[in-house]
Amino acid sequence: MKLSAFGEKFTGKSGIVELMDDLGTALNENPDMIFMGGGNPGRLPEVEAIFQQRLEQIMSDPRQRHSLFGIYQSPQGDKEFREQVAAFLNNQFGWQLCGRNIAVSNGSQSAFFVLYNMFAGPMPDGSHRSVHLPLAPEYIGYGDIGLSENFFTATRPNIELLDKHLFKYHVDFSHLQPGDETGALCVSRPTNPTGNVLTDEEVAHLDDIARSHDIPLIIDGAYGLPFPNILFVDAQPHWNENTILTLSLSKLGLPGVRTGIIVAREDIIHAYTNANTIVNLACGNLGPALAKALFDSGEILSLTRQYVTPFYRERSQQAVQWFHQQLGDLPYHIHKPEGAIFLWLWFEGLPITSQELYERLKQRGVLIVPGHNFFVGMNDDWPHRHECIRVSYARDAQTVKQGIAIIAEEVALAYKEPICSG
Ligand SMILES: Cc1ncc(COP(=O)(O)O)c(C=O)c1O
């Protein structure tokens, strides 16, 4: 098989594909594996019951059923749904959007593929642009999305050490200097993998920088406001004409319906829609149909407030407690959990790499994600990159507790080893 450059890049080895393969193989080989690796949301019976009721209502109405199964929607997404999303966001946050500011995608991941490649890569004048991540570590799923090489650059964060083994990353504005080669800034807020929530001041500062360079600020709100609202601190959502905000139904409990929502200036939405037509023709109808019913009933807000936010808030606090109990006096730090569905642990001076820790934990029947994968756009020799792991706490409490005990045992053993000089 003779492959194009695109074929070689996208069918070959890439960080995320290898990791997903490895996680999949490990699960197949040991179905009892404690899975704290992937991004699956937790199972909330009350929320699942609401989805079931709404779906049954749609199915019992021949008109709605036909529009769910029997038609291609426009590539920008159902007009009524887009207007509903715009009105909802205006009402919640005082923004001034209309349906033309909204587009639907088959999951936000596919929206990133189109958006990032719209703003970075080879430029018509022969220059090359990259997407800059103002605060690495960032979402692993961005890593291999670029059609060209050297697609991302990133700024190393400042680390604030807090009480009780906690820490928090901040954007290091003294080193954040986008140049002519920067095509966009992008942050996830809340951040996957760390559970960080960039402060309102940080977002305002990033917005200023993006505007002064005439490049967009892309905010990935996969865990953010107004849904799924997996946020444990106060933070103002941010949008203006220079911001591209992406939302997703996945972490609400619907990763299988593959629905993302893009909120942006009309010309950006128009450009995105043209590209999306080529790649997808149209987007799936199930997510918008379910979401429409949830908007109509007001459940889109009540189910996050009543069930989703409290579930993750409580689980994150429990998981931190369990780590404190199990890790005792070891030199560990946990990123302050401010949102999302993961804990990010930093084992300072760990004699083995996070990759080795991942391998050992896999042998012990626990899957986590080794931290170096998240330092997208960063190739320096910062030891910190190999001292962190991401642990999901979305599974049932007993399983999470059991997994944490095993992680702590392996970390304690690793700290007893001599530091490897190679
Ligand atoms: C930060 C972040 N952004 C985007 C995505 C992609 O989500 P989806 O394509 O399911 O909308 C994920 C998935 O885990 C994520 O964690």
Side-chain angles (χ1 to χ4, degrees), residues 50-51 54-115 118 216 218-222 224-228 237 239-250 252 254-301 303-304:
I50 293 171
F51 295 151
R54 296 295 156 228
L55 186 58
E56 282 169 1
Q57 270 168 2
I58 294 168
M59 295 298 285
S60 63
D61 173 358
R63 190 189 61 82
Q64 289 191 65
R65 198 172 59 223
H66 176 66
S67 78
L68 172 61
F69 292 134
I71 53 159
Y72 288 113
Q73 267 302 342
S74 87
Q76 192 175 339
D78 173 21
K79 185 161 178 277
E80 197 183 317
F81 176 63
R82 289 187 285 110
E83 283 169 357
Q84 198 179 26
V85 172
F88 176 78
L89 294 172
N90 293 346
N91 193 356
Q92 287 291 305
F93 307 132
W95 297 342
Q96 293 190 327
L97 304 165
C98 67
R100 292 189 300 280
N101 294 114
I102 310 290
V104 177
S105 65
N106 285 326
S108 59
Q109 182 75 21
S110 79
F112 288 117
F113 178 74
V114 171
L115 288 169
M118 257 165 64
I218 302 175
I219 300 183
D220 176 353
L225 285 165
F227 51 82
W239 187 82
N240 59 35
E241 293 246 309
N242 197 50
T243 305
I244 303 173
L245 173 65
T246 58
L247 301 171
S248 168
L249 297 185
S250 294
L252 205 54
L254 296 168
V257 309
R258 311 303 304 129
T259 300
I261 296 167
I262 302 151
V263 185
R265 217 169 57 211
E266 285 184 34
D267 58 332
I268 295 176
I269 291 292
H270 184 69
Y272 167 82
T273 303
N274 287 352
N276 194 39
T277 314
I278 295 170
V279 181
N280 286 306
L281 192 58
C283 289
N285 294 336
L286 179 56
L290 274 174
K292 227 193 251 181
L294 298 175
F295 279 113
D296 284 341
S297 64
E299 284 162 321
I300 192 80
L301 286 182
L303 70 80
T304 62

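No hydrogens, no waters, no symmetry mates; every other heavy atom, side chains included, goes into these values.
- There is a side-chain donor-acceptor pair under 3.5 Å between Thr243 and Asn240.
- Across Ser250 and Pro255, no two heavy atoms sit closer than the pair O-CD, 3.3 Å.
- The shortest distance between side-chain heavy atoms of Ser67 and Asn285 does not fall below 4.5 Å.
- Looking at every heavy atom in both residues, Ser248 comes nearest to Ala222 through CB-CA, 4.3 Å.
- Taking a 6.0 Å sphere around CD of Gln92, one finds it holds more than 12 heavy atoms contributed by other residues, nucleotides or ligands.
- Under the 4.5 Å side-chain criterion, counting only non-hydrogen atoms from C-beta, Arg54 is in contact with Glu299.
- The side-chain heavy atoms of Leu89 and Trp239, taken from C-beta on, include no pair separated by under 4.5 Å.
- For Gln64, the side chain to side chain donor-acceptor pair (under 3.5 Å) criterion is met by Asp61, not counting sequence neighbours.
- Residues Phe69 and Met59 are in side-chain contact: their nearest non-hydrogen atoms beyond the backbone lie under 4.5 Å apart.
- Ala271 approaches Met118 most closely through the heavy-atom pair CB-CE, 3.9 Å.
- With rounding to the nearest 0.5 Å, the separation of SG in Cys98 from CD in Glu266 is 5.0 Å.
- Pairing each heavy atom of Leu225 with each of Pro237, the nearest pair is CD1-CD, 3.8 Å.
- Rounding to the nearest 0.5 Å places OG1 of Thr259 at 5.0 Å from CG of Leu249.
- Atom CD of Glu83 sits about 12.0 Å away from atom CG of Leu97, to the nearest 0.5 Å.
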Next item on the list: Before giving the answer on side-chain hydrogen bond (donor to acceptor under 3.5 Å, both in side chains), spell out for Thr277 and Asn274 the whole-Å C-alpha distance, their side-chain angles and the decisive distance to 0.1 Å.
Entry: CA-CA 5 Å; Thr277 314; Asn274 287 352; 5.1 Å; no
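- Shown here are the ring pair (Phe, Tyr, Trp, His ring centres under 6.0 Å) partners of Phe93, two or more places apart in sequence or in another chain: Trp95.
- Atom CD1 of Ile262 and atom CG of Leu247 lie 9.5 Å apart (nearest 0.5 Å).
- More than 12 heavy atoms of other residues, nucleotides or ligands lie within 6.0 Å of CZ in Arg265, so this atom counts as buried by the packing criterion.
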Check: side-chain hydrogen bond (donor to acceptor under 3.5 Å, both in side chains) between Gln76 and Ser74: does it pass, once the steps are laid out?
Finding: CA-CA 5 Å; Gln76 192 175 339; Ser74 87; 5.7 Å; no
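- For residues 281-290, no residue pair satisfies the salt bridge (Lys or Arg N to Asp or Glu O under 4.0 Å) rule, not counting sequence neighbours.
- Counting non-hydrogen atoms of other residues, nucleotides and ligands closer than 6.0 Å to CD of Gln57 gives a total above 12.
- Annotation: ring pair (Phe, Tyr, Trp, His ring centres under 6.0 Å) contacts of Phe227 (sequence neighbours excluded): none.
- Nearest heavy atoms, Gly221 versus Pro228: O-CD, 4.4 Å.
- Annotation for Ala275 and Val114: closest pair CB-CG1, 3.5 Å, computed over non-hydrogen atoms.
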Next item on the list: Report the C-alpha distance between Leu286 and Ile58 in whole Å, list the side-chain angles of each, state the deciding distance to 0.1 Å, and finish with yes or no for side chain to side chain contact (heavy atoms under 4.5 Å, CB included).
Entry: CA-CA 10 Å; Leu286 179 56; Ile58 294 168; 5.7 Å; no
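- Without hydrogens or angle criteria, Arg82 side chain to Asn101 main chain gives no donor-acceptor distance under 3.5 Å.
- Annotation: the span from Ile261 atom CD1 to Leu245 atom CG amounts to 9.5 Å, rounded to 0.5 Å.
- Legend: residues meeting side chain to side chain donor-acceptor pair (under 3.5 Å) with Arg65, ordered by chain and number and at least two apart, are absent.
- With values rounded to the nearest 0.5 angstrom, Gln109 atom CD is found 10.5 Å from Thr246 atom OG1.
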Under 3.5 Å, which donor-acceptor pairs do the side chains of residues 287-296 form with other protein atoms, sequence neighbours left out?
residue, atom, partner, partner atom, Å
Lys292, NZ, Asp78, OD2, 2.6
Asp296, OD1, Gln84, NE2, 2.8

